[in-house]
Protein chains: 2
Amino acid sequence: MRTGDIAQRLGVTPASVSGMLKHLSREGLVNYREYGGALLTADGERAALGVVRRHRVLERFLTDVLQFGWEQVDALAHQMEHALPEVVVDAIERLLGDPATCPHGHPIPDKEGRVAAEPRLTIGGLAAGDRACVREVDEFDPALLDFLQQRGLVPGAVLRVSQVNPIDGTVVVEVVDAGATALAPATAKAVRVSREVAE
Amino acid sequence: MRTGDIAQRLGVTPASVSGMLKHLSREGLVNYREYGGALLTADGERAALGVVRRHRVLERFLTDVLQFGWEQVDALAHQMEHALPEVVVDAIERLLGDPATCPHGHPIPDKEGRVAAEPRLTIGGLAAGDRACVREVDEFDPALLDFLQQRGLVPGAVLRVSQVNPIDGTVVVEVVDAGATALAPATAKAVRVSREVAE
DNA sequence: CGTAAATGTTAGGGTCGGCTAAATTGATCC
DNA sequence: GGATCAATTTAGCCGACCCTAACATTTACG
């Protein structure tokens, strides 16, 4: 992880990130060399997965219980996740029946920090004629999520690639029960799939 | 409200409270004269009732949905209340069916800041032979709440005062379906009642 | 291989909210 | 009515966290 990328993600200046990294390094959560980027230590990984778990459990709760749309819940969960007592997160998780994934399909780590592997393959990596099953989608852009939902590109959906434009990389996918949709490469990369069309 | 009392309630020094009050006074939320104590303005009252609403809705949610005991939820709600987006509080309120009170019986203000009156009368204000209905209890001491629940002294319970000790003020109440309990004056003051034994 | 551009860090400064210690005010009691 | 005491405020400090501007390092390219 580079300082600048972190800064952009957090919406602060790189200067601020330098200070944070030094701090986290002192606390043993990241390995960090000046000018050399940062990497989570095992402890840091565990702490991070704890936060990820809170975030994803909350997203599930917001969609399944409070009926928020999946395009809103990333931002909402982000606001809530740091103030919720751990016992409350645990209780919500139980209430939901220990869900395996967040609404966007990402796996929820368990309390020990174990987490299921995520598929590497995206729609952009498919060839014409391939069949696949949607597993997860990037959750950062509400407008994109809205669009994907309208076109049936949600976790669990089964699709077939009907065309791949060799010039600009545009992909046309037919979603079972939801018609055909053309996707630019950037969009196609936001949807992760697996080749198994199980169930 | 005096500076020192606020400081004690908040667990900070009076010096810190002086600064806060000046701030709030500049924002028009309290009327404040140096050395003269502070009082909420109409705006401050509205803002405060908004926070009270969040707090009590959350308490209801924690007991009714997440199955926490009523002795824990004040502290938990306190941690959560400032980070929850307003829309989430609204959604929880709807989910619960717009409850009228928190688990301890205190009325929940509506979004416009209207709030039902709370009874002034406590068990300590009753005489031998009086019948009354428990309306609300102080929520600050978990051990007290545990005790009250065991003895059936919860909102809605109907009771009769069987003795009042004229020397030390000890009161013995018989709770319908839950036997008799002796209460010291300080404890008796923590339970508010109304004389109507309706319903 | 050396220099320019990109990237990252340090220095220094501002705000916020807490603290302690000292000064001030108000209240009480003789 | 003055002295003392409690309550409160002011003054000054600290740490967290952000910023900008200046400096340092790495990377990339001719």
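Please read these numbers as outputs of a predicted model, since none were measured by experiment. Below, chain A is the first sequence line, B the second, and so on; all start at residue 1.
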Residue pair Glu174(B), Arg160(B): steps toward the salt bridge (Lys or Arg N to Asp or Glu O under 4.0 Å) verdict = CA-CA 5 Å; Glu174(B) 287 168 11; Arg160(B) 202 178 64 84; 3.6 Å; yes

Could you walk me through whether Glu86(B) and Arg53(B) pass the salt bridge (Lys or Arg N to Asp or Glu O under 4.0 Å) test, one step at a time?
-> CA-CA 11 Å; Glu86(B) 193 70 19; Arg53(B) 172 176 160 267; 3.0 Å; yes

Would you please test Glu139(A) and His106(A) for side chain to side chain donor-acceptor pair (under 3.5 Å) and show each step?
-> CA-CA 10 Å; Glu139(A) 66 271 35; His106(A) 303 292; 3.0 Å; yes

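Within 4.0 Å (heavy atoms only), Thr3(A) reaches sugar-phosphate atoms of the nucleic acid but no base atom. Across all strands, Ser16(B) comes closer than 4.0 Å to base atoms (heavy-atom distances).
Arg26(A) has its CZ atom 14 Å from the C1' atom of dC17(D), to the nearest Å. Put simply, OH on Tyr32(A) is 13 Å from P on dT25(D), counting in whole angstrom units. One atom, CZ of Arg2(A), and another, P of dT27(D), lie 10 Å apart when rounded to the nearest Å. Taking atom CD on Glu27(B) and atom C1' on dG17(C), their separation rounds to 14 Å, with Å as the unit. Across the protein-nucleic acid pair, Leu24(B) atom CG and dC16(C) atom C1' stand 14 Å apart, rounded to whole Å. Rounded to whole angstrom, the span from the NZ atom of Lys22(B) across to the P atom of dA11(D) amounts to 8 Å. At whole-Å resolution of the value, CG in Leu21(A) and P in dT10(C) are 11 Å apart. Spacing between atom NE2 of His23(A) and atom C1' of dT10(C) amounts to 16 Å, rounded to whole angstrom units.
Listed nucleotides dT10(D), dT10(C), dG8(C) differ in distance to Ser18(B); the shortest reach to its side chain belongs to dT10(D). Listed nucleotides dT10(C), dG18(C), dT10(D) differ in distance to Met20(B); the shortest reach to its side chain belongs to dG18(C).
Within a 6.0 Å radius of CD in Gln8(A), no more than 12 heavy atoms belonging to other residues, nucleotides or ligands are found.
Of the two residues contacting DNA chain D, namely Val12(A) and Ala15(B), the nearest-nucleotide position lying further toward the 5' end is that of Ala15(B). In terms of position along DNA chain C, the nucleotide closest to Pro14(A) lies nearer the 5' end than the nucleotide closest to the other residue of the pair Thr13(B) and Pro14(A).
Side-chain to base pairing of Tyr35(A) with dT7(C): no donor and acceptor N or O lie closer than 3.5 Å to each other.
The closest side-chain heavy-atom distance from Leu145(A) to His104(A) is below 4.5 Å.
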